[in-house]
J.: 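Here you go, one structure.
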There are 2 protein chains.
Amino acid sequence: MFGSAYTKQMPKLWNETIDAHRRAVRDAALDATAALVAEHGMLSVTMSRIAEATGIGRATLYKYFPDVEAILAAWHERQVTEHLERLSTARERADHPAGRLHAVLEAYALISHQRHGHHGTEPAALLHQGRHISQAHQQLHDLVRDLIAESVRHGSVRDDVAAGELADYCLHALSAAGALASEAAVRRLVAVTLAGLRPPAEADTVPAAADEEAAAAEQHAHRHRRHAH
Amino acid sequence: MFGSAYTKQMPKLWNETIDAHRRAVRDAALDATAALVAEHGMLSVTMSRIAEATGIGRATLYKYFPDVEAILAAWHERQVTEHLERLSTARERADHPAGRLHAVLEAYALISHQRHGHHGTEPAALLHQGRHISQAHQQLHDLVRDLIAESVRHGSVRDDVAAGELADYCLHALSAAGALASEAAVRRLVAVTLAGLRPPAEADTVPAAADEEAAAAEQHAHRHRRHAH
DNA sequence: CGGCGGTGAAGACATACTGTCTCGTAAAAT
DNA sequence: ATTTTACGAGACAGTATGTCTTCACCGCCG
């Protein structure tokens, strides 16, 4: 029956398949959480408020997420995944390695920049002990790392530092875009960051990291540890 | 009297001045908070636990801090202030501008690196809406900015980007040291970051930021907006 | 020398959040 | 049409929160 008491609270509740419904509720909860974080900060976000803002019962929310931390983590994961898609499309727009790298880094910087308007929300810090790197963030790191490795083979990026370390450097440096005022400033930041990647003059080359050390520095890399040199 | 019931719970309670006592309790609470954050993460840190870990009554803790957020903010402030002192001393160890800049940046990177072992705790994100920049962090930014401006005048750092923006770039980029494995990797990161600061080849120069725009980009700078160019 | 204000610490209380359990109800299967 | 399955909401004990009131200790002054 369509006019039941439930369809009023949650539009098109059972119309689609159950799994789709669960997904919809989950996303709604994540949206509500984002709004609450934006409004009152992270520490005051509570299961009760999220359930209320989502329009579902509090106990129901516990069927989707075990606690607030899980919700924040899921929200963060969704954010990063969206970013990842935007970066992947940005990568396709250029064809030569340097252009791809530039496009991806600029896209990332612009994302960080416009996230600033939404208030500085970097929940990476409060995930329990900052343990496991959020999976999507790992993919993001790998994306940049591979792009850098490509440019290294092409010769447009220094080869005296492991690509994984350079990816960390890029992502952190570009996160500074969140504090910047204008888009032009963001582009300057990208230029500066890219300047750090360029092959240095012979005198400035880093003491050529020993191979085992460079391998160890690839902290997250569980796979291919092929790095030229 | 000295043998009173209180002197057992809180050694040298009234021996020194009251203000010193308050300061001691405050610091003890901050230490306890740091330990709890390290142990159970940030979200599970509560006024009750802090009070218990500090060894004082819960209501007493409310006389020192209004809520958990204030405690975390105070703790973060104390941390950054300590770092600031270490950077200030590091600055004195070199005499020419480039050496000072290198020393300070490396010191900052090493601090970020060893903080990693203590677990990634970057509470800047959860301060209410991420509003006012923690004062000490502002001083840290100014320290680096002035050092960069000095090197710009000396010619060893690019002058096509405002010093304030470069300082943001440096601090964010070096925060990547927290994810690095070895000290050697940290030194490589410093080298890469410094490479981004060096005057670029003419072709790579950024489109020469318009003056008003560069001034606006100095988001926090309330004072001297003199920048050569 | 002994009572007197000042200050800090701790117990008490009403309220809100948490986590779990049980029950009602709608959709789907037989 | 009845049974099965799963979702949603209210209920309940335990805990955190924020405030108020009370108690103990210090220095002061009569």
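Per chain, numbering begins at 1; letters A, B, ... match sequence-line order.
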J.: Using whole Å, what does the distance between atom P of nucleotide dT7(C) and atom CZ of Arg23(B) come to?
T.: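 Going from Arg23(B) (CZ) to dT7(C) (P), I get 17 Å.
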J.: Using atom names, set out every protein N or O paired with an N or O of nucleotides 16-19 of chain C below 3.5 Å, distance rounded to 0.1 Å.
T.:
{"residue": "dC17(C)", "atom": "O3'", "partner": "Thr46(A)", "partner atom": "OG1", "Å": "2.5"}
{"residue": "dT18(C)", "atom": "OP1", "partner": "Thr46(A)", "partner atom": "OG1", "Å": "2.5"}
{"residue": "dT18(C)", "atom": "OP1", "partner": "Met47(A)", "partner atom": "N", "Å": "3.2"}
{"residue": "dT18(C)", "atom": "OP2", "partner": "Thr46(A)", "partner atom": "OG1", "Å": "2.4"}
{"residue": "dT18(C)", "atom": "OP2", "partner": "Met47(A)", "partner atom": "N", "Å": "3.1"}
{"residue": "dT18(C)", "atom": "OP2", "partner": "Ser48(A)", "partner atom": "N", "Å": "3.1"}
{"residue": "dT18(C)", "atom": "OP2", "partner": "Ser48(A)", "partner atom": "OG", "Å": "3.2"}
{"residue": "dG19(C)", "atom": "OP2", "partner": "Tyr62(A)", "partner atom": "OH", "Å": "3.1"}
{"residue": "dG19(C)", "atom": "N7", "partner": "Arg58(A)", "partner atom": "NH1", "Å": "3.0"}
{"residue": "dG19(C)", "atom": "O6", "partner": "Arg58(A)", "partner atom": "NH2", "Å": "2.6"}

J.: Rounded to whole angstrom units, what separation is found between the CD atom of Glu69(B) and the C1' atom of dG18(D)?
T.: 16 Å
J.: According to salt bridge (charged side-chain N to carboxylate O under 4.0 Å, His left out), who are the partners of Glu106(A), at least two apart in sequence or on a separate chain?
T.: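 Testing Glu106(A) for salt bridge (charged side-chain N to carboxylate O under 4.0 Å, His left out), a comparison that skips the adjacent residues, returns none.
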J.: Within a radius of less than 6.0 Å around CD of Glu52(A), do more than 12 heavy atoms belonging to other residues, nucleotides or ligands occur?
T.: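 Incorrect, the count does not exceed 12.
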J.: Which residues pass the salt bridge (charged side-chain N to carboxylate O under 4.0 Å, His left out) test with Arg49(A), sequence neighbours left out?
T.: none
J.: Expressed as a whole number of angstroms, how long is the span from Ile56(A):CD1 to dA9(D):C1'?
T.: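 Whole-Å distance recorded here is 11 Å.
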J.: Check the phosphate of dA9(C) against Tyr64(B), side-chain N and O only, distance under 4.0 Å to OP1 or OP2. Yes or no?
T.: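 For dA9(C), OP1 or OP2 has a side-chain N or O of Tyr64(B) closer than 4.0 Å.
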J.: Test of understanding: with side-chain hydrogen bond (donor to acceptor under 3.5 Å, both in side chains), list the residues that count as partners of Tyr108(B), not counting sequence neighbours.
T.: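 Here no residue qualifies.
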J.: Could you work out, with side-chain contact (heavy atoms from CB on, under 4.5 Å) as the rule, every residue matching Leu194(A), not counting sequence neighbours?
T.: Leu101(A), His102(A), Leu105(A), Val190(A), Leu197(A), Arg198(A)
J.: Return the value, rounded to whole Å, for the distance between atom NZ of Lys63(A) and atom P of dC21(C).
T.: 11 Å
J.: Which nucleotide wins on minimum distance to the side chain of Thr60(A), given the candidates dG8(D), dG11(C), dC21(C)?
T.: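 Output: dG8(D).
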J.: Nearest whole angstrom, please: distance from the C1' of dA16(D) to the CD1 of Ile50(B).
T.: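 Between C1' of dA16(D) and CD1 of Ile50(B): 12 Å.
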J.: Among residues two or more places apart or on two chains, list those pairs meeting salt bridge (charged side-chain N to carboxylate O under 4.0 Å, His left out) that have a residue in residues 23-37 of chain A.
T.: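 Sorted result for residues 23-37 of chain A: Asp19(A)-Arg23(A), Asp27(A)-Arg78(A), Asp31(A)-Arg78(A).
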J.: Nearest whole Å is fine: how far is dC7(D) P from Leu61(A) CG?
T.: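 Those two atoms, CG and P, are 14 Å apart.
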J.: Would you kindly give the CD-to-P distance between Glu52(A) and dG10(D), to the nearest whole Å?
T.: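 Distance check: Glu52(A) CD to dG10(D) P gives 12 Å.
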